[in-house]
J.: 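Sharing a structure, written as structure tokens. Questions coming.
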Amino acid sequence: MTAKIAYDDIEVGTELPAQTFRVTRATLVQYAGASGDFNPIHWNEKFAKEVGLPDVIAHGMFTMAEAIRVVTDWTGDPGAVVEYGVRFTKPVVVPNDDQGALIEVGAKVAAKLDDNTVRVDLTATSAGQKVLGMSRAVVRLA
């Protein structure tokens, strides 16, 4: 696959379409099975509270993966992501109800780099709090 976005058509400040991702307890169980991360803070409310968390929290890597979907959906090619990194600033708290939690993600082109690459800065929030900091991706465009 090749990115569908042309480097020459992009300017610094270009905003990517924002997205919102729902995460429920069922989502966490599915992710735990796929990733092998069965840490009880991600499924056991009693344990999560005993270790000082407000409730069960989403896996950090799950949150990170949901956020980068804004970039991969924009480019049309997951392989276009050359680098990606974040700092985990707050957990995504997932209540035990049918609604779960929302992860809201926005992104914009922060810099045009060499070799048809751009740096995209992402913002990810849940319940009004920033959950990822220094969230940046380098993406190779067409």
J.: Find the distance between OH (Y31) and CZ (F38) and round it off to the nearest 0.5 Å.
T.: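 Here the rounded value is 11.5 Å.
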J.: Can you list the residues that meet the side-chain hydrogen bond (donor to acceptor under 3.5 Å, both in side chains) rule with D121, with sequence neighbours excluded?
T.: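 By the side-chain hydrogen bond (donor to acceptor under 3.5 Å, both in side chains) rule, D121 matches R119.
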J.: Determine which pairs satisfy side chain to side chain donor-acceptor pair (under 3.5 Å) with at least one residue from residues 59-70, sequence neighbours left out, and list them in order.
T.: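 Checked against side chain to side chain donor-acceptor pair (under 3.5 Å) - neighbours excluded - the pairs reaching residues 59-70 are E66-R69.
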J.: Test of understanding: clusters of I, L, V, M, F, W, Y form through side-chain heavy atoms closer than 4.5 Å, transitively. Do V51 and W43 belong to the same one?
T.: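 Hydrophobic grouping puts V51 apart from W43.
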J.: Using atom types as modelled and distance alone, determine if a side-chain donor or acceptor of N44 lies under 3.5 Å from a backbone N or O of K46.
T.: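 Confirmed, N44 side chain pairs with K46 backbone.
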J.: Could you tell me if the side chain of V118 sits less than 4.5 Å from the side chain of L141, heavy atoms only?
T.: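 Yes, side chains in contact.
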J.: Do V105 and L132 belong to the same hydrophobic cluster, where Ile, Leu, Val, Met, Phe, Trp and Tyr are linked whenever their side-chain heavy atoms lie under 4.5 Å apart, directly or via other members?
T.: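 Yes, V105 connects to L132 through the hydrophobic network.
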J.: Using the test side-chain contact (heavy atoms from CB on, under 4.5 Å), find all partners of V56 that sit at least two apart in sequence or belong to another chain.
T.: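 If we apply the side-chain contact (heavy atoms from CB on, under 4.5 Å) test to V56, skipping adjacent residues, the hits are R25, L28, E45.
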J.: Tell me if a side-chain donor or acceptor on Y84 pairs with a main-chain N or O of M64 at a distance below 3.5 Å.
T.: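 It does hold such a pair.
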J.: Just how far is it from atom CZ of R87 to atom CE of M134, taken to the nearest 0.5 Å?
T.: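 R87 CZ to M134 CE: 5.5 Å, rounded to 0.5 Å.
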J.: Just wondering, do I57 and V94 contact through their side chains at under 4.5 Å, heavy atoms?
T.: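 No, too far: nothing below the 4.5 Å cut-off.
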J.: Any donor and acceptor pair, going by atom type alone, linking the side chain of T75 with main-chain N or O of A3 inside 3.5 Å?
T.: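 Between the backbone of A3 and the side chain of T75 there is no qualifying donor-acceptor contact (under 3.5 Å).
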J.: Grab the two heavy atoms, one from T2 and one from A142, that are nearest each other, plus how far apart they are.
T.: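 In this case the closest contact between T2 and A142 is CG2-CB, 4.4 Å.
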J.: Taking all non-hydrogen atoms of both residues into account, name the closest pair between R22 and T27 and its distance.
T.: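 That closest heavy-atom pairing would be O-OG1, 4.4 Å.
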J.: With a 4.5 Å limit on heavy-atom distance, are the side chains of K108 and V120 in contact?
T.: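 They are not in contact (no side-chain heavy atoms under 4.5 Å apart), so the answer is no.
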J.: Tell me, do T125 and V131 make a side-chain contact under 4.5 Å, heavy atoms counted?
T.: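 When only atoms from C-beta onward are counted, V131 and T125 do not touch, as no gap falls below 4.5 Å.
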J.: Less than 4.5 Å apart, any side-chain heavy atom of F21 and any of Q19?
T.: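 Heavy-atom side-chain distance check passes, below 4.5 Å.
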J.: Are F62 and D37 close enough, and set up right, to give a side chain to side chain contact (heavy atoms under 4.5 Å, CB included), and what steps lead you there?
T.: CA-CA 11 Å; F62 172 82; D37 182 351; over 6 Å; no
J.: Return the minimal non-hydrogen interatomic distance between G60 and F88, and the atom names on each side.
T.: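 For G60 versus F88, the nearest heavy atoms are O-CE2, 3.1 Å.
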J.: Quick one: does L113's side chain get under 4.5 Å of V138's, heavy atoms only?
T.: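 Yes. Closest side-chain heavy atoms under 4.5 Å.
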J.: May I have the step-by-step check of side chain to side chain contact (heavy atoms under 4.5 Å, CB included) for V23 and V92, ending in yes or no?
T.: CA-CA 9 Å; V23 55; V92 175; 4.0 Å; yes
J.: Quick one: does K112's side chain have a donor or acceptor within less than 3.5 Å of a partner on Y7's backbone?
T.: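 Flag set: sc K112 to bb Y7 pair under 3.5 Å.
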J.: Nearest heavy-atom pair of I68 and A137: which atoms, and what distance?
T.: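 For I68 versus A137, the nearest heavy atoms are CD1-CB, 3.8 Å.
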J.: Any chance you could measure K49, atom NZ, to D55, atom CG, to the nearest 0.5 Å?
T.: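 It is 5.0 Å, given to the nearest 0.5 Å.
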J.: Would I103 and M61 show up in the same hydrophobic cluster when neighbours are defined by side-chain heavy atoms closer than 4.5 Å?
T.: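 Yes, I103 connects to M61 through the hydrophobic network.
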J.: Provide the closest heavy-atom pair for P95 versus V93 in the form atom of the first, atom of the second, distance.
T.: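 Scanning both residues, the minimum pair turns out to be CD-O, 3.5 Å.
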J.: So L16 and V71, do their side chains get closer than 4.5 Å, heavy atoms only?
T.: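 When only atoms from C-beta onward are counted, L16 and V71 do touch, with a gap below 4.5 Å.
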J.: Would you call I5 and W74 a side-chain contact if the rule is heavy atoms closer than 4.5 Å?
T.: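 Yes, their side chains come closer than 4.5 Å.
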J.: Verify the neighbour count for atom CG of D98: are there more than 12 heavy atoms of other residues, nucleotides or ligands below 6.0 Å?
T.: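 At most 12 heavy atoms, drawn from other residues, nucleotides or ligands, come within 6.0 Å of this atom.
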J.: Measure from the side-chain N and O atoms of T89 to the backbone N and O of K130, and report whether any donor-acceptor pair falls under 3.5 Å.
T.: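 Looks like yes, one N/O pair under 3.5 Å.
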J.: Roughly how far, to the nearest 0.5 Å, is CG of N116 from CG of D8?
T.: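 Taking CG in D8 and CG in N116, the distance rounds to 7.0 Å.
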